[in-house]
Amino acid sequence: MEGPAGALRPLDLLEAALVRAGLELRRFGDEGRGAERLGMMAHVARSSSAVLYALHLTARRSPDGPEEPSDVAAVRAAAEFVQAIRAHNDRVPILLFGEQLTARRVPQSVLSRIDGVVNAYEDTPDFLARKIQREVSHYVGRLAPPFFAALMRYANDGAYSWHCPGHSGGTAFLKSPVGTLFHEFFGENLLRADVCNAVEDLGQLLDHTGPIADSERLAAKTFRADHLYFVTNGTSTSNKIVWNSLVGPGDIVAVDRNCHKSVLHAIMLTGAVPIYLMPTRNKAGIIGPIPRREFTAAALQEKIDASPLVADKSKRIRLLALTQSTYDGIIYRAEELRESLDGVVDALHFDEAWLPHAGFHPLYDGMHGVANDRARTARTVVYATQSTHKLLAGLSQASQILVQDTAGGHFDSRVFAQAYLMHTSTSPQYAIIASCDVSAEMMAGKRGHALVEETITEAMEFRRTIIRVGAERGGRPAGGPDWWYGVWGPDTPPRTGLAERSEWELTADATWHGFDRVDDGFTMLDPIKVTLTMPGLTVHGEFSEPGSPSIPGVVLARYLAEHGVVVEKTGLYSLFVLFTIGITKGRWGSLVAELHRFKSAYDGNAAIERLMPAFAAAFPGYAGLGLREICDALHATYRDADLAELTTAIYTEPVEQVTLPADAWTAMAAGRVEHVPVEKLAGRTTAVLLTPYPPGIPLLVPGERISETIVRFLRHEQVLAQRWPGFTGITHGVAEENGGGRRTVACLRDDSRRA
């Protein structure tokens with residue numbers, strides 16, 4: 001409730017009646033200004049079941065007399081309030097309360113956006129309370145989307161289950177002390193809602209029927225797709241569903257070389273013949289954009305002609321897959337790609353695991369794959385796979401597949417359905433389905449725009465705070481005696497407000513990104529993907545001199561984790577901080593406070609045992625060392641090995657394809673491999689994905705030749721692990737034998753084989 005003090009007495013009577021009716025009340029005054037007040041109203045819009053605004057007008061006024069200045073100001077304030085609430089929630093009931101409210105005195109601009117007018121003395125407070133309670137019940141009753149509503153009805157029904165899962169709504173857990181602990185931790189509702197597909201009232205995920213189908217259709221409307229399918233095992237599975245519905249043995253596919261490993265797994269599963277689109281990288285380890293020319297028909301044909309694995313050089317490309325956005329936030333002008341590749345490839349697959357929010361804000365206009373309110377392609381079906389659990393409000397593994405059909409209707413839903421059945425469990429987790437349903441409903445109407453805009457604003461405020469503190473410390477974000485952190489991106493001035501699209505588009509003449517090849521008007525950096533940088537290395541690969549402040553990213557990440565802050569990804573001298581719709585000012589403010597504390601500890605060379613006691617206990621070899629000593633020594637190791645150059649070269653040097661990824665995997669499964677020590681790998685053909693973590697981007701695909709450069713990297717990784725335990729990553733695909741003393745990689749036995 002909000003309003004001035006003049007209406008307090010009748011409002012007090014109504015409040016008492018509302019309490020008697022069983023409603024919980026919260027009163028908000030008109031305190032606060034600017035961003036503080038807008039934030040308060042956003043909270044009101046999201047957390048209230050109804051909003052009652054007390055509008056106080058003068059008691060008497062002649063029909064033809066002028067408006068009192070106080071009335072004009074009051075009506076203006078009410079209009080601003082209603083507009084602010086509606087910007088965040090276009091459904092919550094809003095009612096005006098006052099003593100002199102008529103259609104003549106309240107303008108149509110306000111009346112058209114509210115749900116009713118409550119005059120103080122026309123009815124009793126108890127009757128008015130019942131009227132408001134009816135509005136609340138109607139609103140709450142319509143909140144839940146179809147599947148979530150059906151699941152709640154089933155869980156609350158109290159019926160006994162004679163189907164799996166065997167815990168029978170949680171009852172089995174209560175037969176054991178540890179089970180009881182489990183039951184108390186997760187709660188009755190989650191366990192009662194954990195059911196199997198025998199419950200017909202909930203519909204079928206596998207067949208897309210009933211309430212599940214109703215919710216998928218609603219979500220498709222929200223995300224502007226022709227078809228939308230919920231997936232309960234993450235976007236890794238969503239990617240494989242798309243691929244298995246389109247690609248078969250021998251089909252040519254064009255793939256972003258720095259794609260997620262699930263796309264490479266799909267190549268191995270389908271028997272496809274890959275050609276690769278090569279992104280740029282800067283020397284700080286950040287993946288850049290694929291040049292525009294790589295997407296042209298001529299460039300794609302050149303890759304086909306050069307491939308030793310493609311027998312028929314005239315064959316069309318079946319599918320082109322693109323990472324949209326990259327881990328670090330680079331996104332492409334999808335609308336341009338849809339137009340230029342229409343008819344060049346049969347299908348376009350945008351892996352938008354990190355971009356489900358883009359369709360809800362004009363900052364990303366034209367930068368997301370599926371938008372059926374835009375011109376359709378003529379021949380190329382467009383797919384987008386999205387992780388609703390990454391940036392929206394889904395539970396872990398919540399994902400969805402969006403499809404936009406061509407003008408001629410080339411999407412075959414029957415084949416897609418069979419691929420969906422191939423990869424989807426017959427026992428899906430219904431809580432994950434419900435979170436897919438709810439996260440989509442949260443983005444419907446104006447709510448999605450408001451949530452994304454708030455996320456962008458929070459990310460921008462964090463970026464500007466880091467820049468402002470650096471400026472106050474003398475403008476030395478990359479080093480110097482009064483060092484501070486930086487943020488990778490355009491040097492946005494310390495103003496307020498939203499990001500401007502032009503600032504975030506990558507251009508060839510900009511120096512901040514560090515990429516050698518950038519096409520103007522083709523890509524942009526998503527401002528909510530924040531890469532926090534530390535002194536020690538520039539984007540051009542220049543290490544700071546000995547004695548200068550140098551903070552390896554892994555050291556700061558370890559410190560933050562021990563102090564309750566877990567970041568998404570760690571680079572050599574950077575951390576990736578992900579802003580989602582769940583991030584708040586308090587959360588990123590706490591991160592800034594920890595950054596200050598780490599700086600003080602570094603400057604004072606704080607003892608590692610005092611600063612990070614859990615880490616020091618796990619790795620006692622660091623006992624007696626100070627934080628700065630550790631950072632300086634690790635920096636010297638990186639610098640001496642020129643690790644910036646090495647970690648760039650392993651991703652950018654030419655790769656020799658020896659055999660199809662599917663054939664290499666078949667050899668692996670059949671045991672036709674040998675496990676080769678790291679020092680003897682040069683020239684051998686890998687049978688497994690080699691994927692360094694961080695960043696988690698595959699380095700080699702099964703069937704590719706291992707180079708001297710990659711061997712040098714793997715040997716250096718081994719040295720780092722021995723010298724700096726606790727401060728190193730790991731490469732998946734490298735096996736440790738004999739207690740970690742020997743590292744090997746599975747390689748094909750017959751290295752003379754060619755496709």
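Judged by distance alone, the side chain of Thr686 and the main-chain N or O of Val688 form a donor-acceptor pair under 3.5 Å. Under a 3.5 Å cut-off, the side chain of Asp526 and the backbone N or O of Gly329 do not form any donor-acceptor pair. Asp351 places no side-chain N or O within 3.5 Å of a backbone atom of Leu322 that could act as its donor or acceptor partner. Judged by distance alone, the side chain of Tyr651 and the main-chain N or O of Ile697 form a donor-acceptor pair under 3.5 Å. In this structure, the side chain of Glu294 does not engage the main chain of Pro291 through any donor-acceptor pair within 3.5 Å. In terms of modelled atom types and a separation under 3.5 Å, the side chain of Thr237 and the main chain of Asn233 share a donor-acceptor contact. Checked by atom type and distance alone, the side chain of Asn605 pairs as donor or acceptor with a backbone atom of Glu629 at under 3.5 Å. Although no hydrogens or angles enter the test, the distance criterion places no donor-acceptor pair under 3.5 Å between the side chain of Lys240 and the main chain of Leu269. In this structure, the side chain of Arg281 does not engage the main chain of Ile286 through any donor-acceptor pair within 3.5 Å. Side chain of Asp328 to backbone of Ile287: a donor-acceptor contact under 3.5 angstrom is found.
For the 3.5 Å distance criterion, the side chains of Thr507 and Asp509 qualify, holding a donor opposite an acceptor. With no hydrogens or angles considered, a side-chain donor-acceptor pair links Trp243 and His349 at under 3.5 Å. For the 3.5 Å distance criterion, the side chains of Thr280 and Asp516 fail to qualify, holding no donor opposite an acceptor. Residues Ser574 and Trp488 have side chains that never bring a donor and an acceptor to within less than 3.5 angstrom of each other.
Comment: Glu545 engages Arg639 in a salt bridge, judged by a side-chain N to carboxylate O separation of less than 4.0 angstrom. Under the 4.0 Å criterion applied to side-chain N and carboxylate O atoms, Glu674 and Arg684 are assigned as salt-bridge partners. No salt bridge links Arg712 with Glu708; every basic N to acidic carboxylate O contact stays at or beyond 4.0 Å. Between Arg257 and Glu704 there is a salt bridge, since a side-chain N of the basic residue sits under 4.0 Å from a carboxylate O of the acidic one. For the pair Glu458 and Arg587, the salt-bridge criterion is not met [side-chain N within less than 4.0 Å of a carboxylate O].
Taken to the nearest 0.5 Å, the NZ atom of Lys569 stands 6.0 Å off from the OG1 atom of Thr531. With rounding to the nearest 0.5 angstrom, the CD1 atom of Ile331 is 5.0 Å from the CG atom of Leu355. Here CH2 of Trp665 is found 13.5 Å from CG of Leu264. Values are rounded to the nearest 0.5 Å. Rounding to the nearest 0.5 Å gives a distance of 5.5 Å between OH of Tyr602 and OG of Ser550. Atom OG1 of Thr388 sits about 9.5 Å away from atom CD1 of Ile432, to the nearest 0.5 Å. Taking CE from Met534 and CH2 from Trp483, the interatomic distance works out to 8.5 Å, rounded to the nearest 0.5 Å.
Relative orientation of the Tyr693 and His732 rings is tilted, given thresholds of 30° and 60° on the angle between their planes. Classification of the Phe462-Phe579 ring pair by plane angle, with boundaries at 30° and 60°, yields tilted.
Side-chain contact check for Pro702 versus Met668: every heavy-atom pair is 4.5 Å or farther apart. Two residues are said to be in side-chain contact when any heavy atoms from C-beta on lie closer than 4.5 Å; Trp588 and Val530 fail this criterion. Side-chain atoms of Leu498 and Leu363, non-hydrogen and from C-beta on, never get closer than 4.5 Å to each other. Contact annotation: the side chain of His368 never approaches that of Gln324 to less than 4.5 Å [non-hydrogen atoms, C-beta and beyond]. Looking only at side-chain heavy atoms (C-beta outward), Val539 and Asn282 come within less than 4.5 Å of each other. The shortest distance between side-chain heavy atoms of Ile650 and Ile710 falls below 4.5 Å. The side-chain heavy atoms of Val555 and Arg558, taken from C-beta on, include no pair separated by under 4.5 Å. Contact of the Tyr559 side chain with the Leu611 side chain is registered, since non-hydrogen atoms from C-beta on lie closer than 4.5 Å.
Take Phe615 and apply the ring-ring contact (aromatic ring centres under 6.0 Å, His included) test, not counting sequence neighbours, and it matches Phe619, Tyr622, Phe727. In this view, Glu562 satisfies the salt bridge (Lys or Arg N to Asp or Glu O under 4.0 Å) rule with no residue, not counting sequence neighbours.
Taking each heavy atom of Pro695 and Tyr327 in turn, the nearest pair found is O-CE1, 3.3 Å. Residues Met460 and Pro527 share a closest heavy-atom pair of SD-CB, 3.9 Å. In this structure, Thr685 and Gly703 approach most closely via the heavy-atom pair CG2-C, 3.5 Å. In this structure, Ala649 and Thr709 approach most closely via the heavy-atom pair CB-CG2, 4.0 Å. Taking each heavy atom of Met367 and Phe522 in turn, the nearest pair found is CE-O, 4.4 Å. For the residue pair Ile706 and Leu681, the shortest heavy atom distance occurs at CB-O, 3.7 Å.
Exactly one of Pro535, Ser544, Pro552 qualifies for a side-chain contact (heavy atoms from CB on, under 4.5 Å) with Tyr573. That residue is Pro552.
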Open item on the list: Set out, in order, the CA-CA distance, both residues' side-chain angles and the distance that settles side chain to side chain contact (heavy atoms under 4.5 Å, CB included) for Tyr485 and Leu575, then state yes or no.
Closed with: CA-CA 11 Å; Tyr485 313 87; Leu575 302 179; over 6 Å; no
Task: Chi angles and distances behind the side chain to side chain donor-acceptor pair (under 3.5 Å) call for His260, Thr323 - done: CA-CA 8 Å; His260 189 262; Thr323 308; over 6 Å; no
